[in-house]
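Worksheet: the structure to be examined is printed underneath.
Positions are given from 1, in the same order as the sequence printed here.
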Amino acid sequence: MGWQSCPFLVTPKELKTSFEPFKLVTDNACVPIDYTDTPVEEFLNIYSALYEQLISGKVFDEKYMGQLKQIAITSNLSDIKFGMEHELDGKWVKAVINDKKSILPYLAPFTFGTYTENDKLYVSTRASYLAYRESIFGYEIIFPKFSQSDADYYELTSEKELKAYPDYELFRKTIVKITKPFCFQLNGIVKKTSIRVSDEVKAYLPNMYCIKSKGIEIL
């Protein structure tokens with residue numbers, strides 16, 4: 001199964017506004033037995049720490065890496081089912097139960113890299129943020145992208161029939177509305193990327209380590 005995504009960097013205030021239609025849910029780890037959802041402010045604190053680190057030009061060290069988390073979004077918390085209750089380190093925990101049609105869109109950090117091949121400039125956002133923390137650029141919203149075999153397995157026409165696809169589209173369109181494509185120049189080559197940045201963020205981009213360390217000119 002492939003993935004579609006919309007990478008972005010916006011201010012914490014702009015992200016808070018984008019979250020307004022949604023609840024946030026930890027869907028990739030065990031949670032306390034009384035867990036229902038993650039307060040927006042809790043995740044915004046994590047995002048704010050990332051944001052301030054990025055625009056100040058610092059490289060992430062080990063003490064910050066534990067704060068880099070992914071989070072799922074949903075507009076209907078009643079759709080989320082928990083189970084697999086068990087004891088862990090003396091406490092009872094549970095986890096989200098996913099069936100084939102309940103995959104949630106989620107946010108995770110992404111990295112920014114460039115390379116030149118046959119005199120063409122390319123951008124990569126697929127490296128592991130855990131392994132290449134000096135290249136962290138922001139967060140991205142991620143959702144499946146079906147091949148024909150995926151569609152056959154899920155007994156759907158496409159990923160657009162998954163229950164949570166409208167949530168992915170709503171969040172993506174909100175981000176697109178408040179941002180513009182990240183454009184830059186490197187070694188005389190101009191590149192327009194799929195990364196979205198807000199006007200307020202753009203002023204800080206030259207400070208970012210993954211930008212200034214490569215001599216990138218922001219356009």
With ring pair (Phe, Tyr, Trp, His ring centres under 6.0 Å) as the criterion, how do Tyr129 and Tyr139 come out once you've worked through the C-alpha distance, each side chain's angles and the decisive distance to 0.1 Å? CA-CA 10 Å; Tyr129 66 87; Tyr139 263 77; 7.8 Å; no
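You'll find the side chain of Phe110 stays beyond 4.5 Å of the side chain of Ile142, heavy atoms only.
Partners of Gln148 according to the side chain to side chain donor-acceptor pair (under 3.5 Å) rule, which considers only residues two or more places apart in sequence or in another chain, are Asp152. Checked against side chain to side chain donor-acceptor pair (under 3.5 Å), Asp27 has no partners two or more places apart in sequence or in another chain. Asn118 is linked by a side chain to side chain donor-acceptor pair (under 3.5 Å) to nothing, counting only residues two or more places apart in sequence or in another chain. Residues meeting the ring-ring contact (aromatic ring centres under 6.0 Å, His included) test with Phe143, sequence neighbours left out: Tyr165, Tyr168. Annotation: side chain to side chain donor-acceptor pair (under 3.5 Å) contacts of Ser198 (sequence neighbours excluded): Glu14.
Within a 6.0 Å radius of CG in Asn76, other residues, nucleotides and ligands contribute more than 12 heavy atoms. Surrounding NZ of Lys202 are at most 12 heavy atoms belonging to other residues, nucleotides or ligands under 6.0 Å away.
Through direct or indirect side-chain contacts shorter than 4.5 Å among Ile, Leu, Val, Met, Phe, Trp and Tyr, Leu219 is connected to Val190. Summarising the hydrophobic clusters (Ile, Leu, Val, Met, Phe, Trp, Tyr; side-chain heavy atoms under 4.5 Å, direct or chained), the residues clustered with Val25 are Val31, Tyr35, Leu77, Ile80, Phe82, Val96, Leu104. Within the hydrophobic cluster formed by Ile, Leu, Val, Met, Phe, Trp and Tyr side chains joined at under 4.5 Å, directly or through other members, Tyr115 is accompanied by Tyr122.
The existence of a salt bridge linking Glu41 and Lys16 is confirmed by a sub-4.0 Å separation between a basic side-chain nitrogen and an acidic carboxylate oxygen.
Inspection of the Thr157 and Glu161 side chains reveals an N or O donor paired with an N or O acceptor under 3.5 Å.
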Check residues 208-217 and write down every donor-acceptor pair under 3.5 Å in which the side-chain atom is one partner and the other belongs to a residue at least two apart or another chain.
from: Ser213; atom 1: OG; to: Tyr209; atom 2: O; distance (Å): 2.6
from: Lys214; atom 1: NZ; to: Phe112; atom 2: O; distance (Å): 3.4
from: Glu217; atom 1: OE1; to: Gln185; atom 2: NE2; distance (Å): 3.2

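Screening residues 121-132 for salt bridge (charged side-chain N to carboxylate O under 4.0 Å, His left out) gives Arg126-Glu140 as the qualifying pairs, with residues at least two apart or on separate chains. Screening residues 165-193 for salt bridge (charged side-chain N to carboxylate O under 4.0 Å, His left out) gives Glu169-Arg172, Glu169-Lys173, Lys180-Asp199 as the qualifying pairs, with residues at least two apart or on separate chains. Within the structure, salt bridge (charged side-chain N to carboxylate O under 4.0 Å, His left out) pairs that include any residue of residues 102-120 do not occur (at least two apart or interchain).
Separation of atoms CZ (Phe22) and CZ (Phe171) is listed at 7.0 Å; rounding is to 0.5 Å.
By the rule that hydrophobic residues join a cluster once side-chain heavy atoms approach within less than 4.5 Å of another member, Leu9 and Val176 end up as members of separate clusters.
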